[in-house]
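Following: one structure in structure tokens, then a few remarks.
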Amino acid sequence: MTAGSFATEARAKKITDEPQIIEVPEHPSVIELHAYLERIRGDREMADRADIKPSEIARLLPSMIIAEAVDGGEDFRVRLFGTKLVELLGEERTGKLLSEFAEEGGAFSSKDPGAVQRRWLFVTRKAFFVRNPVFLKVPFAASGRLYLVGHCVSAPLTAGGTEPAQTVGAMFVTRVENPAL
């Protein structure tokens, strides 16, 4: 994988503030999860949480998050936070509100402690309120050099009705071939 639009040092330094929303997914696992959600959605506006069969997407589960809307989508309580996400971010977040997410340490840290919560809430709310999947790329950098890119999706889910009640998302991380960029 190449650095793509994150190739400049200035762009790499914006790691915690500027994920890049993209029109279509680029990572094979994001494409696979999106296709699965589209298949179970059928002719409805959104897939329903009850339609998700973990055995059908078992390979993707460690990289997934499912969050339930709280206060009409003002916040979200994490119901599933995959083991690969825990490993990557260094914190178990199952049961937490997105607004309670701790600042990510090391290469993920920001001068603004609220940046982590705002990022997660922005993406989740966007999918929830727009009622469509949101795809993005998130750069991870250290010392001004890009070394990882997170490929993400967040999509709304119903819970037995027609209105969004939850979101399902995932992040799959790839290494940048030339981290000196």
Side-chain angles (χ1 to χ4, degrees), residues 1 4 19-70 72-73 75-102 104 108 116-117 119-140 147-176:
M1 129 136 233
Q20 178 186 11
I21 294 177
I22 56 178
E23 293 290 320
V24 294
E26 299 173 358
H27 190 278
S29 295
V30 175
I31 294 167
E32 180 182 347
L33 179 57
H34 179 250
Y36 175 77
L37 293 171
E38 287 294 295
R39 182 176 62 74
I40 66 171
R41 177 179 69 85
D43 60 359
R44 296 170 296 173
E45 183 181 17
M46 293 166 271
D48 191 272
R49 171 63 182 94
D51 295 333
I52 295 175
K53 306 288 185 261
S55 62
E56 294 177 349
I57 54 172
R59 185 182 73 71
L60 305 176
L61 288 173
S63 298
M64 290 178 57
I65 178 173
I66 295 178
E68 182 176 40
V70 175
D75 207 344
F76 294 83
R77 182 161 310 280
V78 177
R79 295 297 179 204
L80 168 76
F81 199 73
T83 55
K84 283 189 178 181
L85 296 177
V86 171
E87 183 180 299
L88 176 69
L89 302 175
E91 180 185 21
E92 172 58 71
R93 296 176 176 179
T94 300
K96 291 187 176 186
L97 293 170
L98 294 184
S99 63
E100 296 173 333
F101 278 18
E104 294 148 351
F108 308 107
V116 171
Q117 294 88 350
R119 246 190 349 267
W120 282 89
L121 280 166
F122 170 77
V123 172
T124 305
R125 284 178 181 153
K126 184 169 179 67
F128 185 82
F129 289 114
V130 174
R131 302 166 77 109
N132 278 307
V134 175
F135 306 103
L136 62 152
K137 292 182 354 184
V138 179
F140 295 100
Y147 69 100
L148 297 174
V149 175
H151 300 267
C152 310
V153 59
S154 183
L157 296 171
T158 57
T162 58
E163 294 299 312
Q166 298 179 340
T167 61
V168 60
M171 178 166 52
F172 303 93
V173 177
T174 56
R175 291 205 171 275
V176 175

Inset, instruction - Could you check Ile21 against Lys126 for side chain to side chain contact (heavy atoms under 4.5 Å, CB included), going step by step and ending with a plain yes or no? - result: CA-CA 11 Å; Ile21 294 177; Lys126 184 169 179 67; 3.8 Å; yes
Legend entry - Working for side chain to side chain contact (heavy atoms under 4.5 Å, CB included), residues His34 and Arg39: CA-CA 9 Å; His34 179 250; Arg39 182 176 62 74; over 6 Å; no
Inset, instruction - Just do the side chain to side chain contact (heavy atoms under 4.5 Å, CB included) check on Leu33 and Val153 with the steps written out, would you? - result: CA-CA 9 Å; Leu33 179 57; Val153 59; 3.8 Å; yes
Legend entry - Working for salt bridge (charged side-chain N to carboxylate O under 4.0 Å, His left out), residues Lys96 and Glu91: CA-CA 11 Å; Lys96 291 187 176 186; Glu91 180 185 21; 2.3 Å; yes
Inset, instruction - Determine, stepwise, if the pair Phe172 / His151 fulfils ring-ring contact (aromatic ring centres under 6.0 Å, His included). - result: CA-CA 5 Å; Phe172 303 93; His151 300 267; 8.8 Å; no
Inset, instruction - Start with the C-alpha distance between Met171 and Leu85, add both sets of side-chain angles, then the distance that settles side chain to side chain contact (heavy atoms under 4.5 Å, CB included), and finish with yes or no. - result: CA-CA 8 Å; Met171 178 166 52; Leu85 296 177; 3.9 Å; yes
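Checked for salt-bridge contact, Asp51 and Arg44 meet the test: a charged N lies under 4.0 Å from a carboxylate O.
No side-chain heavy atom of Thr174 sits under 4.5 Å from any side-chain heavy atom of Leu148. Side-chain contact between Glu100 and Leu97: present, with at least one pair of heavy atoms (C-beta onward) separated by less than 4.5 Å. Contact of the Trp120 side chain with the Val78 side chain is not registered, since no non-hydrogen atoms from C-beta on lie closer than 4.5 Å.
Residue Tyr36 comes nearest to Lys53 through the heavy atom pair OH-N, 2.8 Å, listed as atom of the first residue, atom of the second, then distance. A pairwise comparison of heavy atoms in Val123 and Ser154 identifies CG1-CB, 3.7 Å as the closest pair. The minimum heavy-atom distance linking Gly161 with Asp48 is given by the pair N-OD2, 4.0 Å. Of all the heavy atoms in Val138 and Cys152, the pair that sits closest is CG2-SG, 3.9 Å. Summarising the geometry of Thr158 relative to Met46, their closest heavy-atom pair is CG2-CE, 4.0 Å, with the distance given to 0.1 Å. Pro164 and Pro156 make their closest contact through CB-CB, 4.3 Å (heavy atoms, listed as atom of the first residue, atom of the second, distance).
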Just distance, no hydrogens or angles: give the donor-acceptor pairs under 3.5 Å from side chains in residues 59-70, sequence neighbours left out.
unit_1 : atom_1 : unit_2 : atom_2 : d
Arg59  : NH2    : Glu32  : OE1    : 2.2
Glu68  : OE1    : Arg79  : NE     : 3.0
Glu68  : OE1    : Arg79  : NH2    : 2.7

Expected list for residues 128-136: side-chain donor-acceptor pairs under 3.5 angstrom, two or more places apart:
unit_1 : atom_1 : unit_2 : atom_2 : d
Arg131 : NE     : Glu45  : OE1    : 3.3
Arg131 : NE     : Glu45  : OE2    : 3.0
Arg131 : NH1    : Glu163 : OE1    : 2.9
Arg131 : NH2    : Glu45  : OE1    : 2.9
Arg131 : NH2    : Thr162 : O      : 3.3

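Residue pairs meeting the ring-ring contact (aromatic ring centres under 6.0 Å, His included) criterion with at least one member in residues 48-70, sequence neighbours excluded, do not occur.
Of the possible donor and acceptor atoms, one in the side chain of Asp75 sits under 3.5 Å from a partner among the backbone N and O of Ser99.
With sequence neighbours excluded, the residues that form a side chain to side chain contact (heavy atoms under 4.5 Å, CB included) with Ala47 are Ile40, Arg41, Leu157. A search for side-chain hydrogen bond (donor to acceptor under 3.5 Å, both in side chains) contacts involving Glu92 returns Thr94, not counting sequence neighbours.
Atom OG1 of Thr124 and atom CZ of Arg119 lie 11.5 Å apart (nearest 0.5 Å).
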